[in-house]
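Below is one structure, written out as C-alpha coordinates; comments come after it.
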Amino acid sequence: MLCDECREHDASVHLTKLVRGEVAQEHLCAQCAAARGITTTVTTPKSVLGEFLHAVQQQEVTDASESTRCSFCNMTLKDFRTSGRLGCAQCYTAFEGRLRELLLRVHRHSQHQGRRYMPPASHILEQATTVGELRDRLQRAIFNEEFELAASLRDKLKDVE
Amino acid sequence: MFDLSLLPEGGLKWLHGTGDHRDVVLSTRIRLARNIEGIAFPSRSREGERLRVLQLMKDAQPHVAGLKGAVLLRMDQLEPNDRQLLHERHLVSKELAGLEASGVRGASAVLVGESSGVMINEEDHLRLQAVHAGLAPREAIDQLLALDREIGSRVPYAYHDEFGFLTSCPTNTGTGLRVSMLIHLPGLVLTKEIGKVLSGLQAMGLTYRGWYGEGSEVVGNFFQFSNQMTLGRSEEALVDELQRVVRHVIEREHEARRVLWRDAGYIIEDKLWRAYGTLRFARSLTFDEAMNYLSGVRLAVGLQLITGLSVSTLNKLLIFCQGAHLSYAEGRVLKDHEANIARARYVREALGAESPEFTGHSDGPQSRDT
(Lines give C-alpha, C1' and ligand atoms only; values in the text may rest on other atoms or scores of the structure.)
Protein backbone atom coordinates (compact mmCIF):
# COMPACT_ATOMS: atom_id res chain seq x y z
CA MET A 1 0.00 0.00 0.00
CA LEU A 2 1.36 3.42 -0.93
CA CYS A 3 1.49 6.36 1.40
CA ASP A 4 -1.63 8.58 1.17
CA GLU A 5 0.55 11.66 1.34
CA CYS A 6 3.57 11.23 -0.93
CA ARG A 7 2.33 8.27 -3.03
CA GLU A 8 5.96 7.15 -3.30
CA HIS A 9 6.84 4.99 -0.33
CA ASP A 10 5.15 2.03 1.26
CA ALA A 11 2.75 3.00 4.03
CA SER A 12 3.86 1.60 7.35
CA VAL A 13 1.83 3.77 9.71
CA HIS A 14 -1.92 3.12 9.72
CA LEU A 15 -3.99 5.67 11.52
CA THR A 16 -7.55 5.34 12.67
CA LYS A 17 -8.91 8.81 13.12
CA LEU A 18 -12.15 9.95 14.59
CA VAL A 19 -13.59 12.95 12.85
CA ARG A 20 -16.91 14.05 14.32
CA GLY A 21 -17.63 10.52 15.44
CA GLU A 22 -16.88 9.03 12.00
CA VAL A 23 -14.00 6.60 11.68
CA ALA A 24 -11.49 7.49 8.97
CA GLN A 25 -8.43 5.46 7.94
CA GLU A 26 -5.16 7.01 6.85
CA HIS A 27 -2.01 5.25 5.65
CA LEU A 28 1.35 6.98 5.77
CA CYS A 29 4.98 6.11 5.18
CA ALA A 30 7.41 6.52 8.07
CA GLN A 31 8.88 9.78 6.69
CA CYS A 32 5.51 11.49 6.12
CA ALA A 33 4.28 10.32 9.52
CA ALA A 34 7.40 11.73 11.17
CA ALA A 35 7.01 14.99 9.23
CA ARG A 36 3.55 15.36 10.72
CA GLY A 37 4.85 14.65 14.18
CA ILE A 38 3.09 11.30 14.50
CA THR A 39 4.76 8.73 16.66
CA THR A 40 3.31 5.26 16.79
CA THR A 41 4.35 4.06 20.18
CA VAL A 42 5.06 5.79 23.42
CA THR A 43 8.55 4.84 24.45
CA THR A 44 10.83 6.53 26.91
CA PRO A 45 13.85 8.38 25.58
CA LYS A 46 17.23 6.74 25.74
CA SER A 47 18.75 7.19 29.14
CA VAL A 48 20.50 10.45 29.79
CA LEU A 49 23.54 8.46 30.75
CA GLY A 50 23.68 6.84 27.31
CA GLU A 51 23.72 10.17 25.50
CA PHE A 52 26.11 11.52 28.06
CA LEU A 53 28.57 8.65 27.66
CA HIS A 54 28.42 9.23 23.94
CA ALA A 55 29.41 12.85 24.58
CA VAL A 56 32.24 11.68 26.82
CA GLN A 57 33.53 9.37 24.14
CA GLN A 58 33.30 12.11 21.53
CA GLN A 59 35.92 14.10 23.37
CA GLU A 60 39.30 14.14 21.73
CA VAL A 61 41.70 11.83 23.40
CA THR A 62 45.40 12.26 23.82
CA ASP A 63 47.50 9.59 25.45
CA ALA A 64 48.94 11.95 28.03
CA SER A 65 45.54 13.10 29.36
CA GLU A 66 44.17 9.55 29.32
CA SER A 67 46.65 8.47 31.96
CA THR A 68 46.12 11.46 34.26
CA ARG A 69 45.24 10.10 37.64
CA CYS A 70 43.21 11.61 40.44
CA SER A 71 45.57 11.73 43.41
CA PHE A 72 42.74 11.09 45.89
CA CYS A 73 40.82 8.13 44.44
CA ASN A 74 43.28 6.96 41.80
CA MET A 75 40.75 7.20 38.98
CA THR A 76 41.90 7.83 35.39
CA LEU A 77 40.02 9.52 32.57
CA LYS A 78 39.86 6.12 30.93
CA ASP A 79 38.01 4.69 33.95
CA PHE A 80 35.59 7.59 33.77
CA ARG A 81 34.95 7.01 30.07
CA THR A 82 33.99 3.44 30.85
CA SER A 83 31.72 4.04 33.84
CA GLY A 84 30.46 7.59 33.26
CA ARG A 85 30.89 8.25 36.95
CA LEU A 86 33.62 10.18 38.72
CA GLY A 87 35.33 8.70 41.76
CA CYS A 88 35.44 11.65 44.13
CA ALA A 89 35.22 15.43 44.41
CA GLN A 90 38.97 15.72 43.69
CA CYS A 91 38.39 14.28 40.21
CA TYR A 92 36.85 17.63 39.29
CA THR A 93 40.22 19.26 39.95
CA ALA A 94 42.30 16.47 38.43
CA PHE A 95 40.34 16.50 35.15
CA GLU A 96 39.22 20.12 35.33
CA GLY A 97 39.85 21.12 31.70
CA ARG A 98 38.22 18.01 30.23
CA LEU A 99 35.28 18.24 32.58
CA ARG A 100 34.66 21.89 31.80
CA GLU A 101 34.36 21.00 28.10
CA LEU A 102 32.01 18.15 28.96
CA LEU A 103 29.85 20.24 31.29
CA LEU A 104 29.53 22.89 28.59
CA ARG A 105 28.39 20.23 26.17
CA VAL A 106 25.87 18.67 28.54
CA HIS A 107 24.53 21.78 30.32
CA ARG A 108 25.60 24.56 27.91
CA HIS A 109 27.18 26.24 30.95
CA SER A 110 30.03 25.54 33.31
CA GLN A 111 29.44 28.34 35.83
CA HIS A 112 27.12 27.40 38.68
CA GLN A 113 24.28 29.93 39.12
CA GLY A 114 22.40 28.28 41.96
CA ARG A 115 22.77 28.83 45.65
CA ARG A 116 26.28 29.27 46.97
CA TYR A 117 27.49 27.03 49.74
CA MET A 118 29.27 27.96 52.95
CA PRO A 119 30.80 24.98 54.73
CA PRO A 120 29.76 24.41 58.35
CA ALA A 121 31.20 26.65 61.04
CA SER A 122 34.67 25.34 61.76
CA HIS A 123 33.98 24.10 65.27
CA ILE A 124 31.13 21.84 64.15
CA LEU A 125 33.27 20.57 61.30
CA GLU A 126 36.19 19.97 63.61
CA GLN A 127 34.03 18.05 66.02
CA ALA A 128 32.43 15.99 63.32
CA THR A 129 35.80 15.09 61.85
CA THR A 130 37.21 14.20 65.24
CA VAL A 131 34.26 12.00 66.18
CA GLY A 132 34.30 10.35 62.78
CA GLU A 133 38.04 9.79 62.85
CA LEU A 134 37.94 8.46 66.38
CA ARG A 135 35.22 6.01 65.39
CA ASP A 136 37.21 4.86 62.36
CA ARG A 137 40.33 4.38 64.48
CA LEU A 138 38.32 2.59 67.16
CA GLN A 139 36.88 0.16 64.65
CA ARG A 140 40.28 -0.49 63.15
CA ALA A 141 41.68 -1.14 66.65
CA ILE A 142 38.90 -3.64 67.43
CA PHE A 143 39.40 -5.34 64.08
CA ASN A 144 43.15 -5.66 64.76
CA GLU A 145 42.44 -6.90 68.30
CA GLU A 146 44.37 -4.00 69.83
CA PHE A 147 42.09 -3.89 72.83
CA GLU A 148 44.10 -1.49 75.01
CA LEU A 149 44.16 1.06 72.24
CA ALA A 150 40.46 0.46 71.62
CA ALA A 151 39.63 1.17 75.26
CA SER A 152 41.47 4.49 75.31
CA LEU A 153 39.92 5.50 72.00
CA ARG A 154 36.48 4.69 73.38
CA ASP A 155 37.14 6.91 76.43
CA LYS A 156 38.34 9.74 74.23
CA LEU A 157 35.28 9.38 72.00
CA LYS A 158 33.00 9.63 75.05
CA ASP A 159 34.77 12.83 76.12
CA VAL A 160 34.40 14.43 72.72
CA GLU A 161 30.74 13.43 72.37
CA MET B 1 9.04 -8.18 56.50
CA PHE B 2 9.43 -4.86 58.28
CA ASP B 3 6.60 -2.97 59.91
CA LEU B 4 5.34 -0.42 57.39
CA SER B 5 3.31 1.41 60.02
CA LEU B 6 6.60 2.70 61.41
CA LEU B 7 6.99 5.02 58.44
CA PRO B 8 5.51 8.48 58.99
CA GLU B 9 2.35 8.56 56.83
CA GLY B 10 3.85 5.51 55.13
CA GLY B 11 6.03 8.03 53.27
CA LEU B 12 2.95 8.55 51.11
CA LYS B 13 1.50 11.86 52.23
CA TRP B 14 1.15 12.92 48.59
CA LEU B 15 -1.41 10.16 48.00
CA HIS B 16 -4.03 12.28 49.77
CA GLY B 17 -4.55 13.83 46.37
CA THR B 18 -4.70 17.46 47.40
CA GLY B 19 -2.87 20.21 45.55
CA ASP B 20 -3.36 22.14 42.36
CA HIS B 21 -4.40 20.34 39.18
CA ARG B 22 -4.75 17.06 41.06
CA ASP B 23 -6.88 15.61 38.27
CA VAL B 24 -3.84 15.62 35.97
CA VAL B 25 -0.74 16.05 38.17
CA LEU B 26 -0.27 13.33 40.79
CA SER B 27 2.86 14.61 42.42
CA THR B 28 5.75 17.06 42.29
CA ARG B 29 9.06 15.56 43.35
CA ILE B 30 12.41 17.31 43.71
CA ARG B 31 15.76 15.87 44.68
CA LEU B 32 19.14 17.41 45.37
CA ALA B 33 22.32 15.36 44.88
CA ARG B 34 25.00 16.07 47.51
CA ASN B 35 28.35 14.57 48.40
CA ILE B 36 30.50 14.88 51.48
CA GLU B 37 33.92 16.48 51.25
CA GLY B 38 36.87 14.15 51.66
CA ILE B 39 35.10 10.84 51.03
CA ALA B 40 35.15 8.96 47.71
CA PHE B 41 31.78 8.76 45.92
CA PRO B 42 29.76 5.60 46.74
CA SER B 43 30.54 3.65 43.55
CA ARG B 44 34.28 3.99 44.28
CA SER B 45 34.26 4.03 48.06
CA ARG B 46 35.03 1.23 50.45
CA GLU B 47 32.46 -0.11 52.92
CA GLY B 48 34.18 1.76 55.77
CA GLU B 49 33.79 5.08 53.95
CA ARG B 50 30.13 4.41 53.26
CA LEU B 51 29.59 3.55 56.92
CA ARG B 52 31.22 6.89 57.73
CA VAL B 53 28.70 8.68 55.48
CA LEU B 54 25.86 6.83 57.19
CA GLN B 55 27.24 7.71 60.63
CA LEU B 56 27.57 11.40 59.69
CA MET B 57 23.90 11.45 58.74
CA LYS B 58 22.89 9.59 61.90
CA ASP B 59 24.82 12.16 63.95
CA ALA B 60 23.26 15.07 62.06
CA GLN B 61 19.64 13.85 62.08
CA PRO B 62 18.68 14.84 65.67
CA HIS B 63 19.78 18.42 64.91
CA VAL B 64 17.88 18.71 61.62
CA ALA B 65 14.29 19.91 62.12
CA GLY B 66 13.33 18.80 58.59
CA LEU B 67 14.12 15.18 59.53
CA LYS B 68 12.16 15.13 62.78
CA GLY B 69 10.34 11.83 63.07
CA ALA B 70 12.05 10.43 59.96
CA VAL B 71 12.80 6.71 60.10
CA LEU B 72 16.14 5.27 59.00
CA LEU B 73 16.07 2.01 57.06
CA ARG B 74 19.28 0.17 56.17
CA MET B 75 18.70 -1.14 52.65
CA ASP B 76 21.40 -3.79 53.04
CA GLN B 77 19.52 -5.23 56.01
CA LEU B 78 16.10 -5.48 54.34
CA GLU B 79 14.62 -8.42 52.49
CA PRO B 80 14.24 -8.08 48.70
CA ASN B 81 10.43 -7.68 48.88
CA ASP B 82 10.77 -4.83 51.37
CA ARG B 83 13.30 -3.05 49.17
CA GLN B 84 11.01 -3.55 46.18
CA LEU B 85 8.12 -2.13 48.19
CA LEU B 86 10.04 1.04 49.03
CA HIS B 87 10.82 1.40 45.33
CA GLU B 88 7.13 0.95 44.46
CA ARG B 89 6.38 3.80 46.87
CA HIS B 90 8.89 5.92 44.95
CA LEU B 91 10.83 6.38 48.20
CA VAL B 92 14.04 4.87 46.86
CA SER B 93 15.53 4.52 43.39
CA LYS B 94 15.99 1.21 41.66
CA GLU B 95 19.73 1.51 42.32
CA LEU B 96 19.33 2.08 46.06
CA ALA B 97 16.77 -0.72 46.29
CA GLY B 98 19.46 -3.04 44.91
CA LEU B 99 17.18 -4.11 42.06
CA GLU B 100 19.89 -3.61 39.44
CA ALA B 101 22.43 -6.21 38.43
CA SER B 102 25.00 -4.91 40.90
CA GLY B 103 22.68 -5.73 43.83
CA VAL B 104 22.34 -3.83 47.07
CA ARG B 105 25.28 -1.66 48.14
CA GLY B 106 26.71 -2.01 51.64
CA ALA B 107 25.72 0.74 54.10
CA SER B 108 23.05 2.07 51.75
CA ALA B 109 20.05 3.47 53.59
CA VAL B 110 17.09 5.79 53.40
CA LEU B 111 15.63 8.30 55.83
CA VAL B 112 11.86 8.43 55.34
CA GLY B 113 9.86 11.40 56.61
CA GLU B 114 6.26 12.44 55.90
CA SER B 115 6.98 14.33 52.71
CA SER B 116 10.77 14.46 52.59
CA GLY B 117 13.69 12.16 53.09
CA VAL B 118 17.30 11.34 52.24
CA MET B 119 18.73 8.44 50.27
CA ILE B 120 22.17 7.57 51.64
CA ASN B 121 24.97 6.01 49.59
CA GLU B 122 23.03 5.98 46.36
CA GLU B 123 24.91 7.18 43.25
CA ASP B 124 25.85 10.17 45.43
CA HIS B 125 26.42 10.15 49.19
CA LEU B 126 23.14 11.97 49.79
CA ARG B 127 20.02 12.44 47.70
CA LEU B 128 17.69 14.82 49.52
CA GLN B 129 14.11 14.54 48.28
CA ALA B 130 10.70 16.09 48.81
CA VAL B 131 7.38 14.96 47.33
CA HIS B 132 4.15 16.96 47.33
CA ALA B 133 0.70 16.20 45.98
CA GLY B 134 -0.42 17.88 42.77
CA LEU B 135 1.41 20.73 41.07
CA ALA B 136 3.35 22.14 44.02
CA PRO B 137 6.85 23.12 42.89
CA ARG B 138 7.16 26.07 45.28
CA GLU B 139 6.25 24.07 48.37
CA ALA B 140 8.62 21.30 47.35
CA ILE B 141 11.60 23.54 46.57
CA ASP B 142 11.17 25.68 49.69
CA GLN B 143 11.00 22.61 51.90
CA LEU B 144 13.97 20.98 50.21
CA LEU B 145 16.25 24.04 50.25
CA ALA B 146 15.51 24.48 53.96
CA LEU B 147 16.42 20.82 54.57
CA ASP B 148 19.56 21.28 52.46
CA ARG B 149 20.65 24.31 54.52
CA GLU B 150 20.19 22.38 57.73
CA ILE B 151 22.10 19.30 56.62
CA GLY B 152 24.76 21.38 54.88
CA SER B 153 25.47 23.26 58.08
CA ARG B 154 26.25 19.97 59.84
CA VAL B 155 27.89 17.93 57.12
CA PRO B 156 30.58 19.47 54.85
CA TYR B 157 29.46 19.19 51.22
CA ALA B 158 31.77 18.80 48.23
CA TYR B 159 31.46 22.16 46.48
CA HIS B 160 33.39 23.99 43.77
CA ASP B 161 33.17 27.73 43.14
CA GLU B 162 32.77 27.36 39.40
CA PHE B 163 31.00 23.98 39.06
CA GLY B 164 28.77 24.18 42.14
CA PHE B 165 27.80 21.01 44.01
CA LEU B 166 29.97 18.12 42.86
CA THR B 167 28.25 14.88 41.92
CA SER B 168 29.27 11.42 40.85
CA CYS B 169 27.78 11.88 37.39
CA PRO B 170 28.49 15.23 35.65
CA THR B 171 24.88 15.27 34.38
CA ASN B 172 23.89 16.32 37.93
CA THR B 173 26.69 18.79 38.67
CA GLY B 174 25.83 22.36 39.69
CA THR B 175 22.56 22.50 41.53
CA GLY B 176 22.25 18.69 41.74
CA LEU B 177 18.55 19.36 41.25
CA ARG B 178 16.08 17.14 39.46
CA VAL B 179 12.45 18.22 39.55
CA SER B 180 9.89 15.80 38.17
CA MET B 181 6.15 15.91 37.89
CA LEU B 182 4.11 12.74 37.61
CA ILE B 183 1.30 13.52 35.19
CA HIS B 184 -1.57 11.59 33.68
CA LEU B 185 -2.15 12.31 30.00
CA PRO B 186 -4.77 9.92 28.57
CA GLY B 187 -6.33 12.62 26.41
CA LEU B 188 -3.10 13.44 24.63
CA VAL B 189 -2.31 9.74 24.15
CA LEU B 190 -5.77 8.90 22.76
CA THR B 191 -5.73 11.85 20.36
CA LYS B 192 -2.14 10.94 19.40
CA GLU B 193 -1.01 14.46 20.23
CA ILE B 194 1.44 13.07 22.77
CA GLY B 195 4.25 12.61 20.22
CA LYS B 196 4.33 16.34 19.50
CA VAL B 197 4.27 17.18 23.18
CA LEU B 198 7.13 14.82 23.94
CA SER B 199 9.34 15.97 21.08
CA GLY B 200 8.64 19.58 22.05
CA LEU B 201 9.69 18.74 25.56
CA GLN B 202 13.00 17.32 24.42
CA ALA B 203 13.63 20.28 22.14
CA MET B 204 13.41 22.46 25.25
CA GLY B 205 16.09 20.44 27.03
CA LEU B 206 13.56 18.69 29.24
CA THR B 207 12.86 14.97 29.30
CA TYR B 208 10.30 12.40 30.38
CA ARG B 209 10.35 9.00 32.03
CA GLY B 210 7.97 6.21 32.89
CA TRP B 211 6.19 5.21 36.09
CA TYR B 212 9.33 3.98 37.87
CA GLY B 213 11.63 6.83 36.80
CA GLU B 214 14.79 6.63 34.73
CA GLY B 215 14.85 3.81 32.20
CA SER B 216 11.30 2.64 32.93
CA GLU B 217 8.40 2.23 30.54
CA VAL B 218 5.32 4.41 30.37
CA VAL B 219 2.30 2.53 31.76
CA GLY B 220 -1.26 3.73 32.24
CA ASN B 221 -0.51 7.03 30.45
CA PHE B 222 1.52 8.22 33.45
CA PHE B 223 4.57 10.28 32.55
CA GLN B 224 7.25 11.86 34.69
CA PHE B 225 8.37 15.13 33.13
CA SER B 226 11.69 16.47 34.40
CA ASN B 227 14.61 18.79 33.77
CA GLN B 228 17.78 17.44 32.23
CA MET B 229 20.25 20.27 32.76
CA THR B 230 21.33 21.11 36.28
CA LEU B 231 24.13 23.64 35.81
CA GLY B 232 24.06 27.33 34.86
CA ARG B 233 20.61 28.17 36.21
CA SER B 234 19.28 28.77 39.68
CA GLU B 235 17.21 26.19 41.53
CA GLU B 236 14.13 28.40 41.24
CA ALA B 237 14.66 28.94 37.50
CA LEU B 238 14.89 25.20 36.86
CA VAL B 239 11.71 24.51 38.82
CA ASP B 240 9.81 27.42 37.24
CA GLU B 241 10.75 26.35 33.74
CA LEU B 242 9.34 22.86 34.20
CA GLN B 243 6.28 24.28 35.90
CA ARG B 244 5.59 26.60 32.95
CA VAL B 245 5.82 23.75 30.49
CA VAL B 246 3.66 21.43 32.62
CA ARG B 247 0.96 24.11 32.96
CA HIS B 248 0.87 24.37 29.19
CA VAL B 249 0.67 20.58 28.84
CA ILE B 250 -2.21 20.48 31.36
CA GLU B 251 -4.14 22.93 29.16
CA ARG B 252 -3.48 20.79 26.10
CA GLU B 253 -4.60 17.69 27.99
CA HIS B 254 -7.89 19.36 28.91
CA GLU B 255 -8.33 20.49 25.32
CA ALA B 256 -7.68 16.93 24.08
CA ARG B 257 -10.29 15.58 26.53
CA ARG B 258 -12.83 18.12 25.24
CA VAL B 259 -12.13 17.12 21.64
CA LEU B 260 -12.42 13.41 22.45
CA TRP B 261 -15.70 13.93 24.22
CA ARG B 262 -17.09 16.12 21.48
CA ASP B 263 -16.00 13.99 18.52
CA ALA B 264 -16.03 10.48 19.90
CA GLY B 265 -18.04 10.67 23.11
CA TYR B 266 -19.79 7.35 22.74
CA ILE B 267 -16.54 5.50 22.00
CA ILE B 268 -14.87 7.08 24.99
CA GLU B 269 -17.83 6.46 27.23
CA ASP B 270 -17.89 2.80 26.26
CA LYS B 271 -14.15 2.43 26.73
CA LEU B 272 -14.22 3.95 30.20
CA TRP B 273 -17.23 1.90 31.32
CA ARG B 274 -15.44 -1.24 30.19
CA ALA B 275 -12.40 -0.18 32.23
CA TYR B 276 -14.53 0.35 35.32
CA GLY B 277 -16.44 -2.89 34.78
CA THR B 278 -13.25 -4.91 34.38
CA LEU B 279 -11.71 -3.48 37.54
CA ARG B 280 -14.94 -3.96 39.46
CA PHE B 281 -15.45 -7.61 38.48
CA ALA B 282 -12.29 -9.21 37.04
CA ARG B 283 -10.79 -12.18 38.87
CA SER B 284 -7.23 -11.79 37.62
CA LEU B 285 -5.38 -8.63 36.59
CA THR B 286 -1.79 -8.08 35.48
CA PHE B 287 -0.08 -4.92 36.66
CA ASP B 288 -0.13 -3.33 33.19
CA GLU B 289 -3.84 -4.14 32.78
CA ALA B 290 -4.67 -2.66 36.15
CA MET B 291 -2.69 0.50 35.38
CA ASN B 292 -4.39 0.94 32.01
CA TYR B 293 -7.90 0.44 33.38
CA LEU B 294 -7.15 2.68 36.36
CA SER B 295 -6.05 5.28 33.84
CA GLY B 296 -9.46 4.89 32.18
CA VAL B 297 -11.37 5.25 35.44
CA ARG B 298 -9.27 8.27 36.32
CA LEU B 299 -10.26 9.82 32.99
CA ALA B 300 -13.92 8.96 33.66
CA VAL B 301 -13.67 10.83 36.97
CA GLY B 302 -12.00 13.76 35.19
CA LEU B 303 -14.86 13.85 32.63
CA GLN B 304 -17.35 13.58 35.52
CA LEU B 305 -18.84 10.40 34.13
CA ILE B 306 -18.16 9.00 37.59
CA THR B 307 -18.50 11.20 40.63
CA GLY B 308 -17.93 10.44 44.29
CA LEU B 309 -14.77 8.42 43.64
CA SER B 310 -11.96 10.39 45.23
CA VAL B 311 -8.57 11.10 43.72
CA SER B 312 -6.98 9.73 46.89
CA THR B 313 -8.69 6.34 46.41
CA LEU B 314 -7.44 6.22 42.83
CA ASN B 315 -3.92 7.20 43.92
CA LYS B 316 -3.95 4.56 46.62
CA LEU B 317 -4.99 1.90 44.11
CA LEU B 318 -2.02 2.78 41.88
CA ILE B 319 0.45 2.17 44.70
CA PHE B 320 -1.17 -0.76 46.47
CA CYS B 321 -1.84 -2.86 43.37
CA GLN B 322 1.91 -3.28 42.79
CA GLY B 323 3.54 -6.67 43.32
CA ALA B 324 5.56 -6.10 46.49
CA HIS B 325 2.59 -4.36 48.13
CA LEU B 326 0.33 -7.32 47.39
CA SER B 327 2.95 -9.70 48.76
CA TYR B 328 3.26 -7.55 51.87
CA ALA B 329 -0.52 -7.62 52.41
CA GLU B 330 -0.58 -11.42 51.99
CA GLY B 331 2.39 -11.89 54.32
CA ARG B 332 4.40 -13.90 51.78
CA VAL B 333 6.09 -13.39 48.44
CA LEU B 334 3.53 -14.10 45.70
CA LYS B 335 4.23 -15.67 42.33
CA ASP B 336 3.04 -13.68 39.28
CA HIS B 337 -0.23 -15.57 38.78
CA GLU B 338 -0.99 -15.38 42.51
CA ALA B 339 -0.28 -11.65 42.46
CA ASN B 340 -2.70 -11.21 39.53
CA ILE B 341 -5.48 -12.86 41.55
CA ALA B 342 -4.63 -10.88 44.70
CA ARG B 343 -4.54 -7.67 42.62
CA ALA B 344 -7.99 -8.29 41.12
CA ARG B 345 -9.40 -9.02 44.58
CA TYR B 346 -7.81 -5.93 46.11
CA VAL B 347 -9.04 -3.60 43.34
CA ARG B 348 -12.54 -5.15 43.41
CA GLU B 349 -12.85 -4.65 47.14
CA ALA B 350 -11.43 -1.13 47.13
CA LEU B 351 -13.84 -0.01 44.39
CA GLY B 352 -16.72 -1.92 46.01
CA ALA B 353 -16.19 0.00 49.25
CA GLU B 354 -16.82 3.30 47.49
CA SER B 355 -20.26 4.47 46.49
CA PRO B 356 -19.75 6.45 43.32
CA GLU B 357 -22.49 7.93 41.20
CA PHE B 358 -22.61 7.44 37.49
CA THR B 359 -23.80 9.92 34.95
CA GLY B 360 -24.07 9.98 31.20
CA HIS B 361 -23.51 13.09 29.17
CA SER B 362 -26.81 14.78 28.38
CA ASP B 363 -25.79 16.61 25.22
CA GLY B 364 -23.29 13.93 24.39
CA PRO B 365 -23.34 10.97 22.12
CA GLN B 366 -26.27 9.05 23.62
CA SER B 367 -28.61 11.31 21.69
CA ARG B 368 -26.74 10.49 18.50
CA ASP B 369 -27.48 6.79 18.86
CA THR B 370 -31.23 7.27 19.24
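Per chain, numbering begins at 1; letters A, B, ... match sequence-line order.
No other option in Leu177(B), Ile39(B), Thr173(B) has as many heavy-atom pairs under 4.5 Å with chain A as Thr173(B). With chain B as the partner, the residue from Ser110(A), Cys70(A), Cys73(A), Ala89(A) showing the most heavy-atom pairs under 4.5 Å is Ser110(A). Counting heavy-atom pairs closer than 4.5 Å to chain A, the top-ranked of the candidates Glu37(B), Arg149(B), Glu193(B) is Arg149(B).
In plain terms, the two heavy atoms of Ala40(B) and Cys88(A) that are nearest each other are CA-CB, 3.9 Å. When every heavy atom of Leu103(A) is checked against every heavy atom of Pro170(B), the shortest pair comes out as CD2-O, 3.5 Å. In this structure, Pro120(A) and Ser153(B) approach most closely via the heavy-atom pair CB-O, 3.2 Å. Nearest approach of His112(A) to Tyr159(B), heavy atoms of both residues: CD2-OH, 3.5 Å. Minimum interatomic distance between Leu86(A) and Phe41(B) (heavy atoms only, all atoms of both residues): O-CD1, 3.2 Å.
Interface residue Gln55(B): only side-chain heavy atoms are found under 4.5 Å from chain A. Heavy atoms closer than 4.5 Å to chain A are found in both the backbone and the side chain of Asp161(B). Heavy atoms of Arg135(A) lying under 4.5 Å from chain B belong exclusively to its side chain. Within the 4.5 angstrom heavy-atom criterion, atoms from both the backbone and the side chain of Tyr117(A) approach chain B. For Glu96(A), the parts lying under 4.5 angstrom from a heavy atom of chain B are both the backbone and the side chain. With a threshold of 4.5 angstrom between heavy atoms, Thr167(B) approaches chain A through its backbone and through its side chain. Residue Arg46(B): no heavy atom, backbone or side chain, is found under 4.5 Å from chain A. The parts of Ser168(B) that come within reach of chain A are both its backbone and its side chain, each placing non-hydrogen atoms under 4.5 angstrom from that chain. Heavy atoms of Thr191(B) lying under 4.5 Å from chain A are absent altogether. Residue Asp59(B) touches chain A through its side chain alone, counting heavy-atom pairs closer than 4.5 Å.
A salt bridge is defined here as a Lys NZ or Arg NE, NH1 or NH2 lying under 4.0 Å from an Asp or Glu carboxylate O, and Arg85(A) with Glu95(B) meets this definition.
In this structure, Arg115(A) and Phe165(B) have side chains that are in contact, with non-hydrogen atoms separated by less than 4.5 Å. Residues Val106(A) and Met229(B) form no side-chain contact, since every pair of their non-hydrogen atoms from C-beta on lies 4.5 Å or further apart.
Without hydrogens or angle criteria, Gln113(A) side chain to Leu231(B) main chain gives no donor-acceptor distance under 3.5 Å.
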